[in-house]
Amino acid sequence: MRTATLGPAERAAALTAMAERELDVLVVGGGVVGAGTALDAVTRGLSTGIVEARDWASGTSSRSSKLIHGGLRYLEMLDFALVREALKERGLLLERLAPHLVKPVPFLYPLQHKGWERLYAGSGVALYDAMSVSSGHGRGLPVHRHLSRKGALRVAPCLRKDALTGALQYYDAQMDDARFVLTLVRTAASYGALAAARARVTGFLREGERVVGARVQDVETGGEYVVRAKQIVNATGVWTDDTQALIGERGQFHVRASKGIHLVVPKDRIHSTTGLILRTEKSVLFVIPWGRHWIVGTTDTDWDLDKAHPAASSADIDYLLEHVNMVLATPLSRDDVQGVYAGLRPLLAGESDATSKLSREHTVAHPVPGLVVVAGGKYTTYRVMAKDAVDEAVHGLGLGASPARGAWGGVAPCVTEDTPLAGAEGYRALWNARARIAARTGLHVVRVEHLLNRYGSLTEELLALVAEDPSLGRPLAAADDYLRAEVVYAASHEGARHLDDVLTRRTRVSIETFDRGTRSAREAAELMAPVLGWDASRIDKEVEHYEKRVEAERESQRQPDDLTADAARLGAPDIVPI
């Protein structure tokens, strides 16, 4: 199977094709759940389209803790079903579906009390490991181990000696969340799904009570399309209530936004060979290895301001620094922070006022004929959410049951448990041959490893670009981790339409450099220009827009609270005027 390209021509063709015939399923929302739903639907043989109002994963799905995990703390809440389900999904992703994108990561849990805490926490971690293995997909990760204080300080010398009496070490997994979503979309497109980002649903079509389609505006050109579909899936996360309002009906449930912020600091600021998980008075705090950096997070606070650009305030940053510094021998300061990002979790509204106690489980509903809503859940369990949403949509198609085929409504059952994502097939063989690839291409083996762990077997497409133009094999001048070829590839193959898409989501330059990507902006824009047909004036606009966005974020992070931070962040325009 040839992997689909999400270039400018393919996007235009997808919008045209969506308007030319009635689809079986139209997915609204290009985060992890929407992308997973599109893949699930198209691999069942359903004609499928997916539209996203901004860039792929531009909301919650690019601003997470970047973890694929069972949720160790949910065991303490006795939510065994959620943990078991998530651990199975973690194993599937590591072993079968996306081994190029999802990687094991160790965590150290410092113990602060002797005796009872080791027994209590150790029993929980042992159960976590046992549930992982019993899922049938957890044998690839090392089991937990108990460490003395001396043993813990050996693997994490950064810790204060008086901050622990011993520790437990266990494993979970991590990924680049935005890249994972993009890979889902490309995989769905490879199987025939029509995909278009920066295509906003402005209203739904109704025939009597039934929803029969959507009006879609091309945000880039202003064009409008009427897309008819037998079933529409609303997978818009924290925007669920807003999308539901377009049909003029009250939803069967409400989604509440919880803000979580993260700090990115250089690797040398925290001397450790393992990640950390720390308890706070409200939740837990992670210190997560991230290439040549650490991610420190997260907070968990209610948010009812701008959903598109949640802002991190000075108080948020101080909260994380204060709590992580409680255990660090050498405290972190504001000067150590390279990047800051804030995201919103879509939580199903419940009786509790504390967002940390709202449900992380998901719900699927069919509020009116023709419209399915899926909301809540965790990043790790996106595939289960997608399956449930498509099951509900197929039920609404009313094609008649087919028990002999083991199918819903005469449509084939879900096959995504056995459908590797783009770049997965052949990844391990290429990884084993990475030294030969380096010798053949002239790239350092570390560069080849970097590409393989971001693109898998699609790395060959980037290497082809370098073969045609050797200058693309050089790194960005002010962001050494990324090759120039990756910027070109983002625009030509991965649907990047703006400079912000590349520096914020296709790469992570915006949070991995102290300048937040401003020194790389012009070089990246000039690399994108030939692919997207930009002239010198458009390059200047893209760079200016990016610089204004960074300054607005910096200003918001100097503000004392959510209200003033939100106002400062909204000082930058959302998209580049054309």
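The pair Arg198-Asp218 does not count as a salt bridge, with every side-chain nitrogen at least 4.0 angstrom from each carboxylate oxygen. Using a 4.0 Å cut-off between a side-chain N of Lys or Arg and a carboxylate O of Asp or Glu, Arg179 and Glu494 qualify as a salt bridge. The pair Lys259-Asp316 meets the salt-bridge criterion, since a charged nitrogen lies less than 4.0 angstrom from a carboxylate oxygen. Look at Arg508 and Asp176 and you find a salt bridge, because one of the NZ, NE, NH1 or NH2 atoms lies within 4.0 Å of a carboxylate O, short of that distance. Between Arg383 and Glu417 there is a salt bridge, with a side-chain nitrogen of the basic residue lying less than 4.0 Å from a carboxylate oxygen of the acidic one. Salt bridge Lys307/Asp241: absent, no basic N to carboxylate O contact under 4.0 Å. Remark: Arg505 engages Asp501 in a salt bridge, criterion side-chain N to carboxylate O under 4.0 Å. Using a 4.0 Å cut-off between charged nitrogen and carboxylate oxygen, Arg228 and Glu207 count as a salt-bridge pair. A salt bridge between Asp469 and Arg484 is absent, with no side-chain N of the basic residue lying under 4.0 Å from a carboxylate O of the acidic one. Comment: Asp306 does not engage Arg569 in a salt bridge, judged by the lack of any side-chain N to carboxylate O separation of less than 4.0 angstrom. The pair Lys548-Asp500 fails the salt-bridge criterion, with no side-chain N (NZ, NE, NH1 or NH2) lying under 4.0 Å from an Asp/Glu carboxylate O.
Residue Val488 forms a side-chain contact (heavy atoms from CB on, under 4.5 Å) with just one option from Leu483, Val531, Val466, and that option is Val531. Each of Leu205, Val201, Leu246 was evaluated against Arg215; a single residue qualifies, Leu205, per the side-chain contact (heavy atoms from CB on, under 4.5 Å) test.
Using a 3.5 Å distance cut-off with no hydrogens or angles, the side chains of Ser258 and Arg345 do pair a donor with an acceptor. If you check the side chains of Thr236 and Thr243, you find a donor sitting under 3.5 Å from an acceptor. Trp290 and Glu512 share a side-chain donor-acceptor pair at under 3.5 Å. Residues Ser510 and Arg516 have side chains that never bring a donor and an acceptor to within less than 3.5 angstrom of each other. Between the side chains of Gln231 and Asp24, no donor N or O sits under 3.5 Å from an acceptor N or O. In this model, a donor atom of one side chain and an acceptor atom of the other lie less than 3.5 Å apart for Asp388 and His362. Side chain to side chain, Gln557 and Glu553 fail the donor-acceptor criterion of an N or O pair below 3.5 Å. Counted by atom type alone, Asp177 and Ser64 present one or more donor-acceptor pairs between their side chains at under 3.5 Å. Donor-acceptor pairing under 3.5 Å is recorded for the side chains of Glu486 and Tyr455. The closest side-chain donor-acceptor pair between Thr504 and Arg549 falls under 3.5 angstrom.
Note that Lys66 lies in the cation-pi zone of Tyr341, set by a 6.0 Å cut-off to the ring centre and a 45° limit from the axis.
Between His498 and Tyr546, the distance from one ring center to the other does not fall under 6.0 angstrom.
Between the side chain of Glu224 and the main chain of Gln217, no donor-acceptor pair closer than 3.5 Å is present.
Once rounded to the nearest 0.5 Å, the distance linking CZ of Arg206 with CD1 of Ile247 reads 5.5 Å. The structure places CZ of Arg454 at 10.0 Å from CG of Leu182, a figure rounded to the nearest 0.5 Å.
Using cut-offs of 30° and 60° on the angle between ring planes, the pair Tyr489 and His493 is parallel.
At most 12 heavy atoms of other shown residues, nucleotides or ligands fall within 6.0 angstrom of atom CZ in Arg200.
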